[in-house]
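Heads up: numbering here begins at 1 and tracks the sequence.
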Amino acid sequence: VKFNGVEADIITANENALAVLVPGGATTGTVTVTTADKTATGPQFTVTEPTVTQTYYITFKANGVKKVFESSNPGYQSCGQCACSYMPVLNDERNANVSVCNPDNDWITAADIQSWNGDKLLLSSTGFPAASFGFTENNEFYGTENVPDQTGSEVDVRSVVADGEEFGKKMFKVSGTFKCKVAKSGGAAVNVTEGSFVVRYSED
């Protein structure tokens, strides 16, 4: 299945129906379906910019292509000295995360998370707290750790508010904006711009 010539990932297929994911980079145009040596051309499909519809999300542009990762389930993952949030939760093929870490053996506390409010956190290993960003699509991971030069990159924390408890740990809804560079392992850098997030972090 192709959208104006760009191949799509097929989610399910049977004799009566197809479910596919509109591919990144697709543009408005005709849809074609090819099986064996036969191709059917459908009507014009209009590609629109994805929009956020859920309470918790990470959205950004990767080399100009808008991505939205969202869930009504806030989710989180405790990471020792790092506060992590993965969106959507428990999806290995497609997820995104903004993590903030302290130095080794200095675990994140509720006071740490609250202190980020209004801060600009660098995506750097030379100072703490240090932020990182990554996302997975089609089982391919792109992360800031694969681009050593993060000059001009930052996470700007705009708001930190209490968001209940899970397993006896205090939770916080954290929102902000970010920009950085990511890459696949050994791949070319991808510019991430217009990033924004509303995620959930836990003390550890």
Handout entry: Heavy-atom donor-acceptor pair, Gln150 side chain to Lys181 backbone, under 3.5 Å
Key = yes
- Query: Given side chains that start at C-beta, do those of Val98 and Tyr201 come closer than 4.5 Å, heavy atoms only?
  - Reply: yes
Note to self: Between Thr55 and Lys173, is the side chain to side chain contact (heavy atoms under 4.5 Å, CB included) condition met? List the steps.
What the structure shows: CA-CA 10 Å; Thr55 305; Lys173 181 188 279 188; 3.6 Å; yes
Quiz item: Is there a donor-acceptor pair under 3.5 Å between the side chain of Thr136 and the backbone N or O of Asn139?
Solution: no
* Asked: Between Phe133 and Phe178, how do the two ring planes meet: parallel, tilted or perpendicular, split at 30° and 60°?
  -> tilted
Test log, rule side chain to side chain contact (heavy atoms under 4.5 Å, CB included), inputs Lys2 and Val31:
CA-CA 6 Å; Lys2 294 182 178 180; Val31 176; over 6 Å; no
Salt-bridged, Lys179 to Glu194, with N to O below 4.0 Å?
-> no
- request: Output, in order, the C-alpha distance, side-chain angles, deciding distance and verdict of salt bridge (charged side-chain N to carboxylate O under 4.0 Å, His left out) for Lys184 and Glu140.
  value: CA-CA 7 Å; Lys184 293 188 289 187; Glu140 292 189 307; 3.3 Å; yes
(message) Quick one about Thr109 and Asp112 (side-chain donor to acceptor, distance below 3.5 Å, no hydrogens or angles considered), yes or no?
(response) yes
Item checked: Check: Thr59 side chain, Lys67 main-chain N or O, donor-acceptor pair, under 3.5 Å -> yes
**Prompt:** Should Asp9 and Val20 count as side-chain neighbours, where that means a heavy-atom distance under 4.5 Å?
**Reply:** no
### Side chain to side chain, Ile113 and Val174, heavy atoms closer than 4.5 Å
yes
Of all heavy-atom pairs linking Gln81 and Ile108, the shortest is O-CG1, 3.2 Å
Rounded to the nearest 0.5 Å, the CG atom of Asn95 sits from the CZ atom of Phe135 at a distance of 10.5 Å
Residues Ala26 and Val6: closest non-hydrogen pair is CA-CG2, 4.2 Å
Do Leu18 and Thr12 have side-chain heavy atoms sitting under 4.5 Å apart? no
Quiz prompt | Asn63 (side chain) donor-acceptor with Asn191 (main chain) under 3.5 angstrom | solution = yes
Minimal heavy-atom distance between Asn4 and Gly29, with the atoms involved, is CG-CA, 3.7 Å
*List the steps and the verdict of side chain to side chain contact (heavy atoms under 4.5 Å, CB included) for Val33 and Thr39.*
CA-CA 6 Å; Val33 178; Thr39 298; over 6 Å; no
Discussion item. Looking at Val47, is its backbone amide N or carbonyl O close enough to the side chain of Thr28 to form a donor-acceptor pair, meaning the two atoms are under 3.5 Å apart?
Written reply: yes
Does the side chain of Cys180 reach to within under 4.5 Å of the side chain of Thr144, using non-hydrogen atoms? yes
Correct closest heavy-atom pair for Ala189 and Val147 would be CB-CG2, 4.2 Å
Value for CZ (Arg158) from OG (Ser175), rounded to nearest 0.5 Å, stands at 8.5 Å
Open item on the list: Keeping Glu203 on the side-chain end and Lys170 on the backbone end, is there a donor-acceptor pair under 3.5 Å?
Closed with: yes
- Message: Using side chain to side chain contact (heavy atoms under 4.5 Å, CB included), reason through Phe45 and Val22 one step at a time and then give a plain yes or no.
- Response: CA-CA 10 Å; Phe45 182 89; Val22 178; 3.9 Å; yes
Task: Check: Ile58 and Val199 side chains under 4.5 Å, non-hydrogen atoms - done: yes
**Glu166 and Ser202 side chains, donor-acceptor separation under 3.5 Å** = no
Exercise. Do you reckon Leu121 sits in the same ILVMFWY cluster as Val182, going by side-chain contacts under 4.5 Å, direct or chained?
Worked result: yes
Rounded to the nearest 0.5 angstrom, the NZ-NZ distance for Lys61 and Lys66 is 7.0 Å
Check whether Phe172 forms a cation-pi arrangement with Arg200 (NZ or CZ under 6.0 Å from the six-membered ring centre, at most 45° off the ring normal).
no
Checklist line | Check: Thr151 main-chain N/O paired with Asp149 side-chain donor or acceptor under 3.5 Å | finding: yes
If you define the side chain from C-beta out and look only at heavy atoms, does anything of Pro129 sit under 4.5 Å from Trp116? yes
**Prompt:** Is Asn14 atom CG crowded by more than 12 heavy atoms from other residues, nucleotides or ligands, each under 6.0 Å away?
**Reply:** yes
Shortest non-hydrogen pair, Phe141 vs Gly134, comes out as CE1-CA, 3.9 Å
Q) For Ala183, does its backbone N or O pair with a side-chain atom of Asn146 as donor and acceptor, under 3.5 Å? A) yes
| task | Following the transitive rule for hydrophobic clusters with a side-chain heavy-atom cut-off under 4.5 Å over Ile, Leu, Val, Met, Phe, Trp and Tyr, establish whether Val192 and Tyr142 coincide in one cluster. | result | yes
Between Leu122 and Ser153, the two heavy atoms sitting closest are CD2-O, 4.0 Å
Note to self: Just so I know, are the side chains of Phe197 and Phe60 near enough to count as touching, which here means a heavy-atom distance under 4.5 Å?
What the structure shows: no
